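Comments concern the structure below.
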Amino acid sequence: MISITLNGEKRELDKEIDLESLIDLFSLPRKRVAVEVNHAVIRRVDWPDTAVKDGDILEVVHFVGGG
Amino acid sequence: MISITLNGEKRELDKEIDLESLIDLFSLPRKRVAVEVNHAVIRRVDWPDTAVKDGDILEVVHFVGGG
Amino acid sequence: MISITLNGEKRELDKEIDLESLIDLFSLPRKRVAVEVNHAVIRRVDWPDTAVKDGDILEVVHFVGGG
Amino acid sequence: MISITLNGEKRELDKEIDLESLIDLFSLPRKRVAVEVNHAVIRRVDWPDTAVKDGDILEVVHFVGGG
Amino acid sequence: MSDQFSLAGIIFGSRLIIGTGKYRSYDEMKAAHAASGAEMVTVAVNRVPLDGKTESFLDHLDPKMQILPNTAGCYNADHAIRTARLAREALETDWIKLEVIGDQVTLLPDNEQTLEAARVLVGEGFIVLPYFTDDLIMAKKLLDAGCPAVMPLAAPIGSGMGVQNPSNLRIMREQLPDAIIIVDAGVGVPSDAAIAMELGADAILMNTAIAEAQEPAQMATAMKLAVEAGRLGHLAGRMPKRLYASASSPIDGAIK
Amino acid sequence: MSDQFSLAGIIFGSRLIIGTGKYRSYDEMKAAHAASGAEMVTVAVNRVPLDGKTESFLDHLDPKMQILPNTAGCYNADHAIRTARLAREALETDWIKLEVIGDQVTLLPDNEQTLEAARVLVGEGFIVLPYFTDDLIMAKKLLDAGCPAVMPLAAPIGSGMGVQNPSNLRIMREQLPDAIIIVDAGVGVPSDAAIAMELGADAILMNTAIAEAQEPAQMATAMKLAVEAGRLGHLAGRMPKRLYASASSPIDGAIK
Amino acid sequence: MSDQFSLAGIIFGSRLIIGTGKYRSYDEMKAAHAASGAEMVTVAVNRVPLDGKTESFLDHLDPKMQILPNTAGCYNADHAIRTARLAREALETDWIKLEVIGDQVTLLPDNEQTLEAARVLVGEGFIVLPYFTDDLIMAKKLLDAGCPAVMPLAAPIGSGMGVQNPSNLRIMREQLPDAIIIVDAGVGVPSDAAIAMELGADAILMNTAIAEAQEPAQMATAMKLAVEAGRLGHLAGRMPKRLYASASSPIDGAIK
Amino acid sequence: MSDQFSLAGIIFGSRLIIGTGKYRSYDEMKAAHAASGAEMVTVAVNRVPLDGKTESFLDHLDPKMQILPNTAGCYNADHAIRTARLAREALETDWIKLEVIGDQVTLLPDNEQTLEAARVLVGEGFIVLPYFTDDLIMAKKLLDAGCPAVMPLAAPIGSGMGVQNPSNLRIMREQLPDAIIIVDAGVGVPSDAAIAMELGADAILMNTAIAEAQEPAQMATAMKLAVEAGRLGHLAGRMPKRLYASASSPIDGAIK
């Protein structure tokens, strides 16, 4: 049982998983998004090998209209 | 029985009277006012000798705040 | 011997002539010009029949660049 | 024989002297002026005890009209 | 403080002329008038109500004030001329602020009717102070007609937008160096008054900017000061304008 | 006339602070200073000439004037800091007008270096009055650094162009209601000063507008009045602006 | 690109009307005319020189251009009326740009004489396009006199100062929603033309801004685009103005 | 029509860069983008919602458009740097519009933090286009830091007030003749865009003026034309400004 912060919201996971699986778990988009774990960007290729640990702070961003 | 227009309003008089009396009749102010009968100013001194006739158009003016 | 004012300048003519001839005499342009004699416009068709008399004031105008 | 920079200008002195004497030597004003040696302000009371050494950079300032 | 100004033979110490309309109370008006330092106020000519109830508005004015009746509310020369004659009869004054309005929405002046009325009234011996647009050529005609001064607007009456066309006032001043120019209407804040005076106006006539201020007496003082400031600024001769800087302190001589 | 203003614990009767540069003569400067009613003047720190010939400029200032030394001519934080320390030593004052210039052509401030110097000097107990651009966020940083007031420019030093960006000053006033804002540099005519005060400035610092006027003393009086006028106008609460007219005299009641 | 505009029964694709004066050469003029996309050009009526040497200026104009003769140089109604009659006789056109000037220094219009001439010429069947000041009441009189459009100035002829009084044009547009308003004279740069069109002008007449540009043809293209831009901007309905910011990007949702 | 402009090695045919925020619908946005002729659009980086419901905003953009991600919503250098890195990862672009805001009410830039972030991001190989105040000295620092262009504001974001300080832009252009200056934020109407280009801006970035217009596509066309008009007007060299008139038609030669 671990706890993470995803886009500012607390989330509980029953166990550590890799980033790739986490994206699936929350059915987040994969196209033109980027992910940061504890303030460091994780390249797409590294998602499978990146373990999400208890207390990790994740940001998953995409693009919206702006000026 | 005559009819006049005084400051835009119709008024009935039972007979011709002089301007001096008319001012009294309507208890109009006498201080720093001016009177026009049929578009001609009537000097104060001429009020007593000015007959107000049927159909006359009178304007009696004073001063108010303005810019 | 008559004297006229043409476009503001005094000119002497040895005799009265018609307007048509005067235009020739001074070799003035005929295309898109207009003529005024004593403040009245003379239509082109009337040039031949318009006598230029002593003391006449003529204006012959054309067009130039303007705004 | 030492060399100093005083208000941006090179000056030669035949020997080390104290700041107090240097002000006299160059007959500089003493009223409402301030002195800096090698970028550090020297309080007026410390002038007599401050030795001016070879290579020292001095700034002596006063006030002028400004906005 | 500021120099005197002479209009139709009368010397005024103040270059501020103010109105008497729109005040919340007589006391507020009196306090504002006193604070303004003005020596002349405008009043409107109006029909006496027929209900017998009339108090004299004029009793609420400082007796030392010169009264300048206006022809506000007139939409043609004839009405303005008749109104001027009535004002003269009632107040025994030849002075009249001539105002012929073109429409009720903008209250913009009808220059053509104003000029016609001015010619008639001058002929009858009136001292005609005409309100008109900031139109140089019309100003010349009004002066030729015998008006002792011209009163171009800064902006529409009661708009408070300030001088909308400074070039027109500057040109009018330069082309009519000897004319008396009184900017009338449109001023909103003290700087508007100062700008008009800096442009060379001889005086300013205003009403709403003071009467509708939250604190009329305080604004009246501000306007008094602004008119003096602008006048002195005009006389003192401004520094040249530059896009680029010009050092106030020495560029050289700083420590290194 | 106008209300007092308190800066770093000192009460000033005048909201006008003026410079001492560019005058044609000492007498002209003294007359202008007296006429302005100013109680604080700025001076520049400069190298003593080595030719032995030096008269004290300060002797030409009214002894009652508070002297505000500036760091004019400094192009980085270090020079400004050293200059401030020298000024404090020489005048025994903690007050300093902090000026770090970005280049010699525009004399526009280097906000980054100014902020750095302000942080150091406040730490050394100086009363730092920083000259900077009309930048709200920088103003907040300077106040956070401990400056008792901020001094945004109206326009480049000595340009006389007047307030170039009224919106910035209005926003600064509204967003920093409790800050002391002194508009410094760029004023050319009295109306410029009035505009800055109407926008809510607490005081104005100027030099060239007075010193380079054809009649400095007269312009100094004009500026004194304009600053008071603008201040009172700000306090009095302006009338609403309208594109359209609002009659000063009654619309109805005119003769027909 | 922009919508058509109809004047006295003629449909114009371009809302830009340009002059033919002050060009350095005929070629420069022709290139500028072509680049401008204008479909109507103004020309002046002038005395034929008596030296016999005359080439026809009109031969240098694109035959497709509608020619609009003006009464420039006339100082009273009578001269303007006679000039209009001569122009009609010579060009067989009823169109006339009516211009009665008040003086030679400012070239400002004499509205009174202009109105008088307009009344006469309309009576003689002319299509009168009157140049006048930006005076709403005069505009109404000119329209009442039968002018199919009014041509208020933006600034003095050839001054290039741009729209000096935007409020007057805005008020004129709002008060005369159905009138055709052609801004004539005073435009200097493309943004001036765009401003006039955004204020609701139907078209713009200019000469000097193009003829005196360093590159007239390039400026003519710029003016063509600016008139279209301003017109479309007027039709598209501008965003609201705000003193304060309104975020273009989401305020929330940024990373923390 | 107008000349090309090259930024960081890429040639753009259009000098108009527009945003993607605030549109009422995707269709309205697409129509406006097409009409504008822009070749680059800005987008914001935002947290993916966790409800699983997400459509890709980018799918609604013309694939030919270059996408310029921004760091809107960041209040310090660190957040902006992290946001830029995420944008680069997601879009495989080095281009970033750097925006560090000082507060949420004014959205005015924090120049100090912007400069700090710019230095870091340039070091990481980003093509940094910084939004900042119209501050010449800061512009120099940003260019020294390696930014290929600077993006001074015309007015606060989404205010639509237009160029608030033309002198600052003119000075920036004259002092940085070789710099690429893109005016970003504050434009409201086409004439605002034309003014910025006439002052010498190389390009303009806008969002609200188009998105919040009543007819965005029509306004987009207007802005396209205005940017071209202003650019050409800048290149063509304006006529001299004069307070007084300069006749377009001959003064002499009129009939008498």
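Remember, it's a predicted structure, so these values are computed and weren't measured experimentally.
Closest heavy-atom contact between F/Ala229 and E/Pro190: O-CG, 3.6 Å. Residues F/Ile255 and E/Arg47 share a closest heavy-atom pair of CA-NE, 4.1 Å. Between E/Ser191 and F/Ala194, the shortest heavy-atom distance links the atoms CB-CB, 3.8 Å. When all heavy atoms are compared, the tightest approach of E/Lys256 to F/Arg82 is O-NH2, 2.9 Å. Between F/Pro250 and E/Ala44, the shortest heavy-atom distance links the atoms CD-CB, 4.0 Å.
For the set E/Glu198, E/His79, E/Met161, the count of heavy-atom pairs under 4.5 angstrom toward chain F peaks at E/Glu198. Top candidate by heavy-atom pairs under 4.5 Å with chain E, chosen from F/Gln214, F/Glu215, F/Met239, F/Arg238, is F/Met239. Each of F/Gly160, F/Ala211, F/Gly21 has some count of heavy-atom pairs under 4.5 Å with chain E, and the biggest count is that of F/Gly160. Of all the listed residues (F/Ile195, F/Asp252, F/Asn70, F/Leu86), the one sharing the greatest number of non-hydrogen pairs under 4.5 Å with chain E is F/Ile195. When the candidates E/Thr42, E/Leu108, E/Leu107 are compared by the number of heavy-atom contacts under 4.5 Å with chain F, E/Leu107 comes out ahead.
Pairs engaging residues 186-195 of chain F under the salt bridge (Lys or Arg N to Asp or Glu O under 4.0 Å) rule: none recorded [sequence neighbours left out].
Taking non-hydrogen atoms and a 4.5 Å limit, the residue list of residues 151-158 of chain E in contact with chain F, ordered by number, reads E/Pro156, E/Ile157, E/Gly158. Within residues 241-248 of chain E, the residues having any heavy atom less than 4.5 Å from a heavy atom of chain F are, in residue-number order, E/Lys241, E/Arg242, E/Leu243, E/Tyr244, E/Ala245, E/Ser246, E/Ala247, E/Ser248. Annotation: residues 201-210 of chain E contacts chain F through E/Asn207, E/Thr208, E/Ala209 [non-hydrogen atoms, separation under 4.5 Å].
E/Val187 touches chain F through its backbone: at least one of N, CA, C or O sits under 4.5 Å from a heavy atom, while the side chain does not. With a threshold of 4.5 angstrom between heavy atoms, E/Pro240 approaches chain F through its backbone and through its side chain. Looking at F/Lys224, there are no atoms closer than 4.5 Å to chain E (heavy atoms on both sides), in backbone or side chain.
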